[in-house]
Amino acid sequence: MDIKTPLELFFLTFYFDFSEMTPYLPQNPQDEDRMVEEAYQEVLNAYLASNHRKKVEIIERAFRFAKEAHKGVRRRSGEPYILHPIAVAKIVISELGLGSTSICAAFLHDVVEDTEFTRDDIEASFGSKIADIVEGLTKISGGIFGDKASIQAENFRKLLLSMSTDIRVVLIKMADRLHNMRTLGSMRPEKQYKIAGETLYIYAPLAHRLGLFKIKQELEDLAFRYEHPTQYAEIMEKLNETADHRERIVEEFVSPVRKMLDDAGFKYEIKARVKSAYSIFNKMQTKKIPFEEIYDVYAVRVIFENDDDSQEKIRCWQIYTFFTEGHRVHPDRLRDWTSIPKANGYRALHLTAMGPEGKWIEVQIRSRKMDEIAELGYAAHWKYKTGVHEDESELDTWMNTIKDILANPEPNAIDFLDTIKLNLFSSEIYVFTPKGDLITLPSGSTVLDLAFSIHSELGIHCIAGKINHRLVPLSHKLDSGDQVEIITSESQTPQEEWVEFCHSAKAQSRIRSFLRKDRKVLMELGRHIFNDLLEKEGIVATNQLMTKLLASHHLRNRDELYLMLANDDISLSSKEIKDLSTSRKSLMKKILRNPFSSKNNSDGEKKEPINRKEVYILHPDDSTPNYRLDSCCAPVPGDDVFGFVDDDENVVLHKVDCPVALRLKSAYGSRLVATSWGGVAKRFLATISIDGIDRHGILEEITATISTRMNINIRGLNIAAKQEVFHCDLTVQIDTVETVDAICEALKNIKGIKFAHRIS
């Protein structure tokens, strides 16, 4: 058995290559060249140690070609640029286990974009396959989404198009993104926010969907490290402090099982694993609990050698019985992915058992083959490496869904990214058709999702479903194991609200595509109604008139106006049109023209452009603060925030982990500005949620603690008790988020109070 020491456990879990993140010290050309050659030799040695056919000559040529192409070019950190392609190639062979074609493409992946060489040059020297992959990896400078659209969204669309023909494109792109994240320390703060947000929003979910667990976890933890450096450091420190204790608990837990494994003749290893820093942080935020109350930090992985595939599942269950004999097993936490793998190919048997000190410990039972697939996903067993991809149909199903979405692209960049993301980062449910066919859907899917999954025509005409002889609406959420019959009607057509019912990318994409076609007809009708009205009154449709008209009806653009006219949702009178056409007052500022229009810049003066390369100091103590708070997350002074610069050069603040900001970071990175709080804020209101065991005098103790001891003004208090438990919402007037934290800590020290956390 292999139980790691605390230090080994630390690096096993948070496997960052910190050497990549140290500042680069300039060296003379001879030393730099020696460093480059040594880095290349590490890649070559890893390749020679693998089980791939040895095509050293083409790898050598690709490296020399890339080295010459990038000659004299340096990264932002100051190091020779060629070290980046070498690092990507090393990840490709050492961490993904890919072969010579992928290694060559990794060396060459930036050549077409950053140098004078073209795709034709790559093809002439290395063949069409490597050239195709390099082209798929090459970034683009424009996009189909318009001037203000996300170049990154278009890059991602291009990546998916390339991936649908050769999955090596996305695997190498993952290696490229991973190295960029490992070296993010050399970037400016606003670039760090953009790249980290983009990574969390798209690339980590994509790694998850491809089964690249190690890469997904490292991408998340690195992004977390840059977005929340203080919380990251605190969690890492606590994990390190508790490593000895965890090791002792795990050793005591596995000791009886190890003896049974030995007696049964298993060849195996047992690894202790701890929850990642990002996962712990997410759970702390979601559950509103401190680190000490995270009970599923512990995990054990049993990996056994197996040379007979037919016995693999039986041996998993045999090991399961070893744990049930010595421990109490949680009845609701058994997960069998040996019979029905996850959509990314993951197979394992999971259970949760009671360990020492009442700690629940998750156990993952895998064969060696299962473990490789769990860590590397499709990179571990796809057809280019082994000749036969035994889970080809599962990969093909996902690829076909991606192709389907790309065939009907969303006009809006953010909508496109959201639609793709639906198909990436969701747990699965398994449902059956009336004939017994198994269909995998994202968790939360409805009858409508299933209908579109079977066939688009079935989805378009779906009116209801039938489960166990019971009629259910098309918005009914499905559970794993449901056998569902789809009921249709020829007269049924998609409605706007259908998009809200769907949790699968295919369904949302098809519904939006259908509605767009329908909208065109309605908009044309609305345009005719509007033009006829203007012609009747002899009025010209100037931009000023349209601006006033849209503002008066709270509409964002002409298309909305035309749609509402066609649907009889609004009616325009001759008097209204005449009044607006003669009014001198401009209502331009009342319209939210795009996500970055100012909501409160009424002076009409053009402000000085914000320097987005420098940290923007926030002044909450000014009579008019030099920023605006967005209502989506309502940050307060002291929160981790960053700014978006709107069209009027106003800085709009979002919390770093705000869901809205997470989407915008992926699409509008050029508008980001790093921020820092300065000065003392004016007092603001914050609400704290309190839960505890009710007793006589506890309310008096709460108010005395806040008002008397801490001298803080209570502005609202709502308390209710039921049997022995009470809940209280306490509104206080404070100056910084640190004061809120101090109040929560003081409240938790009162006897009987179990939870206290800020909710607004």
Side-chain angles (χ1 to χ4, degrees), residues 17 20 33-71 80 82-112 117 119 121-137 162-163 165-176 178-179 210-212 214-215 305 307 345 368-369 371-373 375-392 395:
D17 185 354
E20 295 275 5
D33 193 61
R34 189 181 306 111
M35 177 177 63
V36 168
E37 292 295 330
E38 287 174 356
Y40 165 65
Q41 194 59 47
E42 288 180 10
V43 176
L44 200 58
N45 290 342
Y47 175 68
L48 292 172
S50 72
N51 59 0
H52 291 284
R53 288 179 295 167
K54 303 303 180 280
K55 298 182 179 179
V56 175
E57 185 271 337
I58 193 170
I59 291 176
E60 176 77 22
R61 282 197 295 113
F63 166 64
R64 298 298 164 195
F65 190 103
K67 184 180 179 184
E68 184 61 30
H70 294 299
K71 188 175 181 180
I82 187 61
L83 287 176
H84 169 64
I86 292 173
V88 174
K90 187 176 180 183
I91 293 170
V92 162
I93 178 61
S94 300
E95 300 184 44
L96 292 175
L98 304 181
S100 58
T101 301
S102 300
I103 295 171
C104 292
F107 280 135
L108 300 166
H109 78 274
D110 279 336
V111 165
V112 174
F117 292 101
R119 183 199 184 282
D121 297 325
I122 302 292
E123 184 171 1
S125 299
F126 302 100
S128 60
K129 182 52 67 178
I130 290 176
D132 287 343
I133 295 175
V134 171
E135 184 176 43
L137 288 161
S162 302
M163 180 183 72
T165 56
D166 192 330
I167 199 174
R168 285 176 291 192
V169 173
V170 78
L171 295 175
I172 299 167
K173 182 62 182 177
M174 282 296 165
D176 177 44
L178 181 58
H179 183 249
L210 290 169
L212 304 171
K214 286 177 67 175
I215 288 178
E305 305 297 336
D307 53 8
R368 179 67 61 188
K369 181 178 178 181
D371 187 61
E372 289 177 2
I373 293 169
E375 295 300 308
L376 297 177
Y378 289 113
H381 65 170
W382 55 295
K383 58 187 174 186
Y384 296 105
K385 181 178 176 184
T386 63
V388 178
H389 191 311
E390 61 187 54
D391 287 331
E392 184 87 9
L395 179 61

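- The heavy-atom pair separating Arg119 from Val112 by the smallest distance is N-CG2, 4.0 Å.
- Leu96 places a side-chain heavy atom less than 4.5 Å from the side chain of Ile215.
- Closest approach of Phe107 and Ala62 over heavy atoms only: CB-O, 4.1 Å.
- Here the shortest heavy-atom pairing between Ile103 and Leu98 reads CD1-O, 4.3 Å.
- When all heavy atoms of Ile58 and Cys104 are compared, the pair lying nearest together is O-SG, 3.6 Å.
- Residues passing the side-chain contact (heavy atoms from CB on, under 4.5 Å) test with Glu305 are Lys267, Arg368, sequence neighbours excluded.
- Two residues are said to be in side-chain contact when any heavy atoms from C-beta on lie closer than 4.5 Å; Leu171 and Ser102 fail this criterion.
- The pair Glu60-Arg64 counts as a salt bridge, with a side-chain nitrogen and a carboxylate oxygen less than 4.0 angstrom apart.
- The shortest heavy-atom contact between Val56 and Leu44 is CG1-CD1, 3.9 Å.
- In this structure, Arg61 contributes its side chain and Ser125 its backbone to a donor-acceptor pair below 3.5 Å.
- Ion pairing of Arg168 with Asp132 is absent here, as no side-chain N (NZ or NE/NH1/NH2) approaches a carboxylate O to less than 4.0 Å.
- Separation of atoms CD1 (Ile130) and OG (Ser100) is listed at 7.0 Å; rounding is to 0.5 Å.
- Between Tyr40 and Phe63, the ring planes lie parallel to each other; the angle is under 30°, not in the 30° to 60° tilted range.
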Walk me through whether Lys55 and Tyr47 qualify under side chain to side chain contact (heavy atoms under 4.5 Å, CB included). CA-CA 9 Å; Lys55 298 182 179 179; Tyr47 175 68; 3.8 Å; yes
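- Taking every heavy atom of both residues into account, Ala105 and Ile172 meet most closely at CB-CD1, 3.7 Å.
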Between Lys71 and Ile82, is the side chain to side chain contact (heavy atoms under 4.5 Å, CB included) condition met? List the steps. CA-CA 8 Å; Lys71 188 175 181 180; Ile82 187 61; over 6 Å; no
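- The OG atom of Ser94 sits 9.5 Å away from the CG atom of Asn45 when rounded to the nearest 0.5 Å.
- The shortest distance between side-chain heavy atoms of Leu178 and Met174 does not fall below 4.5 Å.
- Between the side chains of His109 and Asp176, a donor-acceptor pair is found at a separation under 3.5 Å.
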